[in-house]
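Remarks on the structure that follows.
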Amino acid sequence: MPELPEVETVRLDLLPAMEGARIESVVTNRADLRTAFPPGFGDRLEGATVRALTRRGKYLLAELSSNEVLVMHLGMSGSFRVDYHGRSRNPDPYYYARDTSERHDHVVFRMSNGATITFNDPRRFGFMDILSREALGERRGVGQLGPEPLSVDFDAAALARACRRRKTTLKAALLDQRVVAGLGNIYVSEALHRAHLSPRRRASTIATPAGAPRESAVTLAAAIKKVLEIAIAGRDGDRFRVYDREGERCPTRGCRGTIRRITQSGRSTFYCPVCQK
DNA sequence: CCGCGGGCCTGAGAGC
DNA sequence: TGCTCTCAGGCCCGCG
């Protein structure tokens with residue numbers, strides 16, 4: 001379920017359990033997630049202290065006292081559980097349940113502060129990797145991320161520049177983590193709706209030929225920030241305005257349109273054909 | 001280089 | 001009940 005806001009929420013949940021604590025033990029219950037664990041996975045983590053737990057796009061980064069970085073990605077279905085007082089739901093870390101969701105508990109960290117952190121991921125699209133600090137920027141994925149949408153680096157000018165020569169749709173451009181980091185299928189639909197821009201529109205149309213931001217780029221950059229901020233703050237009231245709301249009335253004030261669902265590059269897009277141009 | 005389709009996995013829900 | 005089918009909030013690879 002994780003796009004930027006969910007990953008940020010996971011980070012905040014993990015913070016008290018991880019930051020400043022030493023990793024006492026690591027158990028992996030299988031040889032791979034999406035990819036194999038790096039060589040010496042447990043040995044490289046055990047004994048290290050987590051100096052900081054940060055986030056870049058949808059990636060969680062545990063910066064270690066060993067000067068290595070533990071990179072964690074939740075894929076589609078990854079989640080973490082934290083249990084305190086040295087007690088996990090499964091007292092035996094090697095226990096591998098077969099008939100409950102616990103059979104997808106793939107990694108268990110025991111921390112010096114008594115926390116037990118369990119990574120669960122049924123579909124195994126998530127992964128963990130360990131890299132030196134310097135190698136981070138070179139790694140495919142994390143190394144190629146565009147600006148953090150909630151930082152000052154991300155604004156209409158940056159967005160326009162990134163979209164300038166894109167012949168794809170706005171939908172595809174915003175899903176591309178090199179354009180902006182952290183948006184996924186839900187928040188792209190939400191941001192475009194808030195900005196009243198059609199997901200089918202060519203990405204390059206938000207920039208002038210010279211690459212300068214048009215008004216639509218200003219609106220879209222602001223909408224992206226807004227949608228993510230609201231989601232992180234957990235203002236649940238109007239969680240998703242269009243996502244998974246095919247057939248419902250468009251929530252835009254004064255708009256009498258109906259939310260439609262279309263498929264773009266194999267994935268669902270929800271939008272209002274009336275107010276999104 | 002760019003854009004698209006397919007593949008990777010399992011589980012939930014719909015329809016028969 | 002149980003089967004089959006579709007779909008799911010991510011990402012990478014290979015093809016044209």
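Just so it is clear, the structure is predicted and the values come from calculations on it, not from any experiment. Heavy-atom basis, side chains included; hydrogens, waters and symmetry copies ignored.
- Base pairing of dG9(C): no nucleotide in any strand meets the Watson-Crick or G-U wobble criterion (both distances under 3.5 Å).
- When distances run from any side-chain atom of Arg103(A) to the nucleotides dG11(B), dC11(C), dG9(C), the shortest one goes to dG11(B).
- Taking the C1' atom of each, dG3(B) and dG9(C) are spaced 22 Å apart, rounded to whole Å.
- One atom, CG of Asp32(A), and another, P of dC8(B), lie 14 Å apart when rounded to the nearest Å.
- The residue Gly141(A) sits close only to the backbone: its heavy atoms come under 4.0 Å of sugar-phosphate atoms, none of a base.
- Both Arg140(A) and Arg123(A) lie close to DNA chain C; mapped to their nearest nucleotides by heavy-atom distance, the more 5′-ward contact belongs to Arg123(A).
- With dG3(B), dG9(C), dC9(B) as the choices, the nucleotide that has an atom nearest any side-chain atom of Thr168(A) turns out to be dG3(B).
- Remark: C1' of dC9(B) and CZ of Phe119(A) are 13 Å apart, rounded to the nearest angstrom.
- Residue Gly184(A) is in sugar-phosphate contact alone, with no base atom involved, counting any heavy-atom pair closer than 4.0 Å across all strands shown.
- The side chain of Arg261(A) has dC7(C) as its nearest neighbour among dC4(B), dC7(C), dG9(C).
- Under the Watson-Crick or G-U wobble criterion, with both distances below 3.5 Å, dC9(B) is left unpaired in every strand shown.
- In this structure, CD1 of Ile186(A) is placed 10 Å from P of dA8(C), rounded to the nearest angstrom.
- Residue ring and base: Phe125(A) counts as stacked with dC8(B) (centre distance below 5.5 Å, interplanar angle below 30°).
- You'll find that the side chain of Lys167(A) is closest to dG3(B), out of dG11(B), dG3(B), dG10(C).
- We find that OH of Tyr243(A) is positioned 7 Å from C1' of dA8(C), with the value rounded to whole Å.
- Comparing the P positions of dC3(C) and dC9(B) gives an interatomic distance of 24 Å, to the nearest angstrom.
- Contacts of Arg166(A) with the nucleic acid, taken as non-hydrogen atoms under 4.0 Å apart, involve only primed sugar atoms and P, OP1 or OP2.
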